[in-house]
Amino acid sequence: MARPADAHAIRSAFLSFFEERGHAAVPSSPLVPFDDPTLLFVNAGMVQFKDVFTGRDKRDYTRATSAQRCLRAGGKHNDLDNVGFTPRHHTLFEMLGNFSFGDYFKRDAIRWGWEFLTQVLELPAEKLVVSVFNGEGENAPFDQEAYDLWAEIIPKERIYAFDAKENFWQMGDTGPCGPCSEIHIWRGEGGAPPDGGKPGKGPAFEDDKYMELWNLVFMQYEKLASGEMTKLPAPSVDTGAGLERLAAVLEGVETNYETGLFVPIVDKVKALAGVSGHQGEREASYRVIADHARATAFLIADGVTPDQTGRPYVLRRIMRRAIRHATLVGLEDLFFHEVCDEVVNRFGEAYPELREAREVIAGAVKIEEEGFRRTLARGLRRVSKILAGLEAEGSKVFPVDEAADLYTSAGFPIDLTRVIAEENELTLDEAAVAEKLEAQKGESSFAGGGGSKVADVYFDIVNELGQGTAFLGYGATAGEATLKAIVIPAPEPAEGEPALEPTRVESAQAGQAVELIFDQSPFYGESGGQVGDTGALRAVDGGAVVTVTQTSKPTGGLHVHHGELAGGSIAVGQRFVLEVDVARRDAIRRNHSATHMLHHALRKVLGKHVAQKGSLVAPDRLRFDFSHARSVTREETRRIEAEVNAMVLANAPTGTAEMSLADAKQAGAIGLFGEKYGAEVRVVTIGEVETEAGEERSVELCGGTHVARAGDVGLFKIVAEGGVAQGVRRIEAMTGMGAVEWVQERAEVVDQVASDLRARDLGEVLGRLEKLHEELAARGREIDSLKRKLATGGGGSQASEVVEVEGGGKTVKLTARRIPVADPKIMREAADTLRDRMGSGVVVLAGERDGKANLLVATTKDLAKGKIVHAGKLAAALVVHVDGRGGGRPDMAQAGGPKVAGLDDVVAHAAEELAKQLA
RNA sequence: GGGGGCAUAGCUCAGUUGGGAGAGCAUCGCACUGGCAGUGCGAAGGUCAGGAGUUCAAGUCUCCUUGCCUCCA
């Protein structure tokens with residue numbers, strides 16, 4: 001085999017090498033682990049084989065090889081902050097591996113690892129050193145076998161032995177584990193490492209002089225809960241070699257960023273920034289952006305879009321960090337999508353899923369970058385405001401609380417705050433801010449925790465039965481079966497208490513809540529968005545009846561019937577007749593088939609970027625979440641409804657077929673291909689509509705239950721559309737009689753409205769309504785104008801009573817009056833008018849509103865500014881007559897009180913109180 | 001799941017002991033100009049997210065609901 005020409009060629013060379021040695025080349029799994037809530041992202045090559053190692057899953061091969069995309073960001077392994085500043089930390093990386101599931105063991109693993117490095121990659125053998133487990137730190141002995149095998153290949157002084165911390169591996173606290181053997185390359189001076197085999201030397205102690213290339217894990221033990229170690233009957237091998245490191249060695253460069261995997265991406269960023277060559281201190285920023293663009297492109301291709309919780313939040317952090325670094329090197333425009341697109345160009349051949357998702361990636365990245373740049377702009381405004389305040393105070397220290405607050409509530413990066421502060425010759429204690437944030441973290445410690453862990457009891461049952469429940473429900477809604485297991489559900493734990501485990505029993509009595517498992521069942525267990533069936537279970541001997549309120553599928557095809565034992569007693573081994581609630585199931589069928597047709601119509605009307613993000617199929621409605629950046633317009637909604645209803649009317653039969661995943665893809669099936677399916681997948685076809693574009697139909701991977709013909713769906717009606725997250729829309733719809741009733745209800749209301757409006761037909765309704773609105777607004781204006789006239793004395797027919805008040809040698813004009821409308825707005829306007837009429841003077845208005853007394857005192861500006869009259873004080877003095885309180889500014893004050901009868905007194909005493917103020 | 005924050009004109013936002021709902025941009029009208037750009041003047045546009053409470057008085061204070069932003073797990 002020829003030496004790989006570049007970094008990308010290493011990948012294919014590796015896979016071919018092991019394929020030639022009988023391995024199945026398995027494609028990389030998506031970054032989101034299937035069915036494993038304990039793991040945020042796939043972070044090692046063996047993740048997709050986890051269940052194969054434990055024996056829970058069987059494959060038709062016993063040796064495999066893969067190039068697996070992995071991500072380390074968020075969670076326990078968080079290297080995010082190091083990325084870009086060190087030679088080898090990455091968020092996304094590729095792990096090359098070969099695996100043996102009870103097939104070959106140490107000899108072949110060691111031999112092939114060595115052969116690939118020295119003969120295919122042609123690495124100098126004298127620079128390679130290896131390590132084995134020395135028997136310390138774990139309840140397992142020195143790995144003599146591995147040592148002896150290595151000794152056949154390389155000189156003994158280049159074989160090191162280290163303790164469990166370095167050379168022992170385990171999947172979890174219990175389960176398969178074993179010693180491992182690592183291959184390192186000497187990077188120091190000279191051809192070979194100088195301190196071969198000496199204690200305290202070697203890769204475990206001199207990390208900077210060696211680089212780990214390959215880790216070979218030999219799974220030969222099983223660790224029990226007691227800590228005891230037992231030997232596995234069929235030992236396995238799990239190996240991993242980082243592609244980026246191999247590339248760096250092969251190309252003879254110092255850092256992974258200088259390999260062919262990164263250079264084109266880094267250069268793309270530099271081109272966008274208008275620079276080239278090494279950028280000194282700023283180089284790290286370009287590396288961060290390149291690294292994060294890789295992670296971003298792959299994550300989005302695997303169905304993750306940035307958001308505020310969980311995996312989507314990790315993606316958001318990665319993206320924002322990249323954009324933050326972009327601002328540091330002066331990239332001000334939207335640019336990140338172009339970098340991600342370059343990733344698609346470079347990695348699309350090895351990972352076709354990137355190419356398929358090209359538009360989706362670009363769209364999601366643009367949206368996020370726009371959003372974050374808005375966040376930054378908002379933050380900058382807040383910072384400027386704070387800076388202005390500090391300048392006024394003459395302070396030279398940026399407040400720690402403000403910086404922390406900017407970060408936690410506005411998402412404004414702390415380091416950016418510091419940079420701006422420094423530009424304004426202010427200091428910011430970043431350590432104090434970090435401390436403050438740490439303290440806040442303590443305050444917001446979360447309650448509860450963990451995902452929904454599947455209770456062990458269900459795994460035990462599957463293992464014991466050897467298989468799950470055989471599902472009869474595609475063809476039937478009733479059937480006979482044997483009761484295989486009874487589980488008593490765990491009671492709800494008290495607040496703050498850990499969840500309790502359900503318990504297995506052999507029999508149960510009337511009145512008990514039970515979960516029943518049969519060898520076969522027509523009941524559909526909740527999965528794939530479709531809700532579980534309900535119905536009844538009757539013992540064949542006539543004794544017991546169980547009402548089933550829910551059917552779930554906690555694991556591996558196990559259909560669990562939840563319900564209550566209505567009468568009699570039951571025991572494992574009994575025969576039952578199982579009857580699904582048929583009307584409910586039929587409603588579910590309609591909604592499930594309609595969901596498929598909706599998905600198809602959405603892709604047709606909105607575009608191929610539409611991908612399922614979530615789905616709920618219930619008897620009364622269906623809900624479908626999908627990726628789409630904008631809201632769906634009314635016109636689009638209309639077209640989508642029309643598409644679906646056209647398919648319904650064509651009334652084509654639905655078809656289901658079992659086929660291989662490859663054949664399903666070939667047939668154009670859509671579905672969540674990232675999920676783990678068995679060798680055979682079920683494909684549901686609905687439609688066969690003749691259109692100008694040819695035949696059209698919905699083809700989807702699906703395990704759900706469907707109608708026999710599209711026409712069974714009946715009327716399809718979208719009843720709601722909205723957003724659930726950035727870039728994700730939700731449509732809710734109804735079918736069958738439910739949809740008919742929904743439409744009828746609406747139509748009745750519209751008819752009623754039309755007749756109330758005296759509209760002759762529907763077209764007239766909107767016109768009438770508009771006219772009504774206009775009329776109402778006109779009347780409102782008229783009323784306001786009349787109120788104003790009343791308040792100011794009715795158009796001058798009654799002469800305004802202006803009196804002159806003397807006091808303290810000054811004379812001030814006063815108008816004091818009762819007014820019939822005491823609307824605050826009207827009173828202000830009236831006071832303005834009266835004030836203007838007097839030129840200079842004081843206005844006191846008193847009136848009743850909603851059973852309360854309101855007064856208003858206003859003075860002209862000259863009196864207020866000259867501190868001759870204070871409206872607020874005058875109002876306070878007058879309001880005692882209505883037992884109220886009040887106040888206001890010198891030129892305008894309002895007051896009020898409950899004693900309406902005192903209003904005349906207010907007017908009567910106005911002159912007197914004003915005189916007191918003047919004096 | 002927990003914490004912090006926001007919701008005011010079509011858009012971006014101001015509104016500081018609770019006491020006249022504002023600015024800029026956009027829209028429309030008028031004027032200047034041969035036309036456009038532009039400038040000037042003017043107008044329209046608001047259930048201050050929704051609901052309850054405190055108060056004589058709530059955009060402003062309290063509580064609830066909804067939506068969004070943001071940090072953390």
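Numbered from 1 within each chain, the chains take letters A, B, ... in sequence-line order. This one's a predicted model, so the numbers in the text were calculated from it and none came from an experiment.
Using a 4.0 Å cut-off between charged nitrogen and carboxylate oxygen, A/R320 and A/E368 count as a salt-bridge pair. The pair A/E848-A/K852 does not meet the salt-bridge criterion, since no charged nitrogen lies less than 4.0 angstrom from a carboxylate oxygen. Looking at A/R418 and A/D415, no side-chain N of the basic residue comes within less than 4.0 Å of a carboxylate O on the acidic one, giving no salt bridge. A salt bridge is absent between A/E732 and A/R623; no separation between the charged side-chain nitrogens and carboxylate oxygens falls under 4.0 Å. With salt bridges taken as basic N to acidic carboxylate O contacts below 4.0 Å, one links A/K916 and A/E913.
Within 4.0 Å (heavy atoms only), A/D891 reaches at least one base atom of the nucleic acid. A/G872 comes within contact range of no nucleotide atom at all, as no heavy-atom separation falls under 4.0 Å.
Between B/rA21 and B/rG45, the distance separating the two C1' atoms is 13 Å to the nearest Å. Here the separation of B/rG59 from B/rA52, taken at their P atoms, is 14 Å to the nearest Å. Comparing the C1' positions of B/rG22 and B/rU60 gives a spacing of 15 Å, expressed to the nearest Å. Across B/rU55 and B/rC63, the matching C1' atoms stand 16 Å from one another, rounded to whole Å. One C1' atom belongs to B/rU70, the other to B/rA9, and the distance between them is 27 Å to the nearest Å. With both ends at atom P, the span from B/rC28 to B/rU33 equals 22 Å, rounded to whole Å. Remark: the separation of the P atoms in B/rU16 and B/rU62 is 14 Å, to the nearest Å. Using atom P as the reference point in both B/rG2 and B/rG19, the two lie 36 Å apart (nearest Å).
In this entry the distance linking CG of A/L406 with P of B/rC71 reads 12 Å, nearest Å. A/N854 has its CG atom 16 Å from the P atom of B/rU55, to the nearest Å. In this structure, CG of A/L845 is placed 16 Å from C1' of B/rA57, rounded to the nearest angstrom.
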5'-to-3' dot-bracket of RNA chain B (Watson-Crick, G-U; under 3.5 angstrom; crossing pairs as [ ]; | other strand): (((((((..((((.....[..)))).((((((.....)))))).....(((((..]....)))))))))))).
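Looking at the side chain of A/R378, the nearest of the listed nucleotides B/rC13, B/rA73, B/rA21 is B/rC13.
Using a 4.0 Å cut-off, some side-chain N or O of A/R316 falls inside it from OP1 or OP2 of B/rU70. Phosphate proximity of B/rU70 to A/R320: present, with a side-chain N or O under 4.0 Å from OP1 or OP2. Contact check, A/R885 against B/rG18: no side-chain N or O comes under 4.0 Å of OP1 or OP2. Side-chain nitrogen and oxygen atoms of A/T375 include at least one within less than 4.0 Å of the OP1 or OP2 phosphate oxygen of B/rU70. For the OP1/OP2 pair of B/rC71 and a distance below 4.0 Å, the side-chain nitrogens and oxygens of A/Q308 include no atom meeting the criterion.
Shown for residues 893-901 of chain A: residues whose heavy atoms fall under 4.0 angstrom of RNA chain B, namely A/Q894, A/A895, A/G896, A/G897.
With sequence neighbours left out, the salt bridge (Lys or Arg N to Asp or Glu O under 4.0 Å) criterion links A/E526 to no other residue. Considering only residues two or more places apart in sequence or on other chains, A/H881 meets the ring pair (Phe, Tyr, Trp, His ring centres under 6.0 Å) condition with A/H909. Legend: residues meeting salt bridge (Lys or Arg N to Asp or Glu O under 4.0 Å) with A/D904, ordered by chain and number and at least two apart, are A/R818. Residues meeting the salt bridge (Lys or Arg N to Asp or Glu O under 4.0 Å) test with A/E435, sequence neighbours left out: none.
Nearer the 5' end of RNA chain B, as judged by each residue's closest nucleotide, is the contact made by A/G884, out of A/G310 and A/G884. Looking at which nucleotide of RNA chain B each of A/R381 and A/A410 is closest to, the 5′-most match is held by A/R381.
At a cut-off of 3.5 angstrom, the base of B/rG20 holds at least one donor-acceptor pair with the side chain of A/D832.
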